[in-house]
Amino acid sequence: LASGVYPARQSLRAPSAAPEARPMERFSRWSHRRMPASGARPPSASMLVRAAVLLFTASPPAAPWAEARELGAASKASAAPPAPPMLHILPPSPSAADEGALPSLAAGEERRTEGSSESEGGAGEGGERGEEAEEEEKEGEEEEGHFTPVDVDAACMLIGGVTFVMLIFQLVHVHDDDVRRYAWKVISNTICIFLAVLFFKGNNEIVMMMFHGSSDLVTLVVCMAHCSLYIVALFVAIGYTIGVWEEPRPDLEAEAWTIADAMLVSYEEEVAPERVRAVLNHQTEATKSVIHDDYGMEVAVSLKKLALETRIRDSKCFGALLAHMAGFAAISVGCAMQQSAIGRRSPATCFLAVVLTALFLLVMFRGSSVLRNKLREDAKRSGRPGKRAQLVSESVGEAENDILALAMSFLTVQCVRFALTGQLPNAEGIEEPMRFELGNFHIIALLGIGLGFAVACVGVSIVSMFAGEDEGLGEAEEAPCRRLCDVLLSTFSMCFAWCVMYSARWMWIRHTYLGMHVGSIDARIILALVLSMMSFILIRGLDAVDDLMRENSHGGRNSSERVIAAIVTAISVLVGFSWEHSFDGAVTAIANLNEDHPQLSKFLLGLSVFVLLLRPWSLYILRRAMQLEELKRHRDKKGRPLPRSRELARHAVEQKATPAILEQSTRLNLEFVSRM
């Protein structure tokens, strides 16, 4: 500090000081500041504090001492502006402790003075070296501080990816079973849609490449054959995983002891009965017990129908995947009709494609129904209970409802957008090029129509709840009504999701947020993140409303439960579709790197990612979502949850509550025991 190596900042200098110089000019001033001729005495405390401030707020020199002296001489010779007055922090009077250091400092100042006088004689050469050194330093600083847009994107991906994963980890471990169930359901649906889109888009690119340039009729026939192939594969996959053609047929009702500790790698693995404590103690009614592992520690085990649960999970896995693939194939069939010369005439002729697509799917489902009835008849003739045929019928029926709802919802929203703007979007749902002037009216109208679909979804859920409670309907009459309500419920919820997603996309096009084009990968990811965050916030609010209404329902059935479940299903579809749009763009961008064969690259990329992610999704994500759904069903059978009465009892003990609160806690316990 005393020699002037660390200068004072501009705010600490005299008011008449010149503006702060460039780095190389500061070197020249640093190297020519002189110590007082006399020695220095020990500084006071305030001087030490001021010296520390100067030390940590100033920048150290970036050049060696000798080079700094040369550059300082050159800068001085080239008529540099005079240096501002140095801030002296040491008093002029010497001290005995500094007498040994003063001669060396004085000698250094003499050498610097001699170097200055020598450099004044060769001012021209020194000035050139100073300018060259200054340019080199500028280039070095630019190389170190310059980042390309790719670097910025990679940095955002790194920071945002880690943050997003940790937020998801926090969300699936909240202290609320309902929120956890909703979160796992949304995540499972998102991954399922992602895998289905990857596999289907890759196959569809290859098929369309083979029939490129064909007429509209040929394209329609090819799309219908492609969709039929997925529906047949759906039936075969579900039947195979459940084991309808398996010989010999194992008993699906057989129970086995399995590991119940989810923290172990051997979770849900079968255990020999002779190791179970309950079996050794002849406790035939026990469903939970413990075993001793190789380390002598107790491990929890439970009795469950392992073969049945494994088959149900596998059928759910392949059923959901193939249902989404068949749904997207059905969308291709409807889009082929809508993009034809007849479909583009008006919104009415465009909606005709929705009806024809629904009729095509119903014909295919009728063939599936005939095969399912044949399986049930074969089971009856063989004297079997028909458990496998029943499971196939239920799984295939749910998958067919999803196919029909997915296709009808997308095609219906296409017609709505056509009626609002006068331009029919392409098969991907994008207006390219946009031939109308997008305004706030279009955004608000589409969002309002989406809210109307949500209200209709709630209405259908209420109607289906009362229809299911009607005791006068038999099974044969109730099944068509129940299935129609399920299809309408799924269709309206998906229509709501499509409307919200495309209204958000229009809003981005209208205002061009962050200067990004809406079709870029960055914009798609940001849009999906925003919609996901808003969806999870809405789910948390709906769960709070559900808990409040459940507390107010005294032992009866909560009427809001099915409505909230329908809204959560619509939200999960919205999140899944928003991320599907991002995934599709990402796969297309990577596949286009191969300019010669982009379709083949897209197919191979989708197939490889599909194979890598299928097993983790099935074993860890889908299984956890199904476990939470099963837990919810078991708790619904028990009626009102017991923890509420326990909280009242604990509150009564801690707060010394009145006898009225104690009586309320006792009444709740008695009601719970009576329902058990």
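Partners of Phe410 under the ring-ring contact (aromatic ring centres under 6.0 Å, His included) rule, at least two apart in sequence or in another chain, are Trp498. The side chain to side chain donor-acceptor pair (under 3.5 Å) check on Thr241 picks up nothing, with sequence neighbours excluded. The side chain to side chain donor-acceptor pair (under 3.5 Å) check on Ser393 picks up Arg376, with sequence neighbours excluded.
In this structure, Tyr513 and Trp508 approach most closely via the heavy-atom pair O-CZ2, 3.5 Å. For the pair Val396 and Ser368, the tightest heavy-atom approach, listed with the atom from each and the gap, is CG1-OG, 3.4 Å. The shortest heavy-atom contact between Asn401 and Arg483 is OD1-NE, 2.9 Å.
Between Leu220 atom CG and Ser340 atom OG the span is 8.0 Å, to the nearest 0.5 Å. A distance of 9.0 Å separates CG of Leu198 from NZ of Lys602, quoted to the nearest 0.5 Å. Distance NE2/His324 to CG/Leu195: 10.5 Å, rounded to 0.5 Å. In this structure, Arg366 CZ and Glu400 CD are separated by 11.5 Å, a value rounded to the nearest 0.5 Å. The distance from atom CG of Leu605 to atom CG of Asn594, rounded to the nearest 0.5 Å, is 11.5 Å.
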Per-pair distances, 0.1 Å, donor-acceptor, side chain in residues 435-456, under 3.5 Å, sequence neighbours excluded:
unit_1 : atom_1 : unit_2 : atom_2 : d
His442 : ND1    : Gly439 : N      : 3.1

Atom pairs and distances, side-chain donor-acceptor, residues 532-543, under 3.5 Å, sequence neighbours left out:
unit_1 : atom_1 : unit_2 : atom_2 : d
Ser532 : OG     : Ala528 : O      : 2.7
Ser532 : OG     : Trp579 : NE1    : 2.8
Ser535 : OG     : Leu531 : O      : 2.6

Can you list, pair by pair, the side-chain donor-acceptor contacts under 3.5 Å of residues 226-239, counting residues two or more places apart and other chains?
unit_1 : atom_1 : unit_2 : atom_2 : d
His226 : NE2    : Tyr230 : OH     : 3.3
Ser228 : OG     : Met224 : O      : 2.8
Tyr230 : OH     : Asn203 : ND2    : 3.2

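The pair Arg372-Glu377 does not count as a salt bridge, with every side-chain nitrogen at least 4.0 angstrom from each carboxylate oxygen.
Looking only at distances, a side-chain donor or acceptor of Gln414 sits under 3.5 Å from a matching main-chain atom of Asn426.
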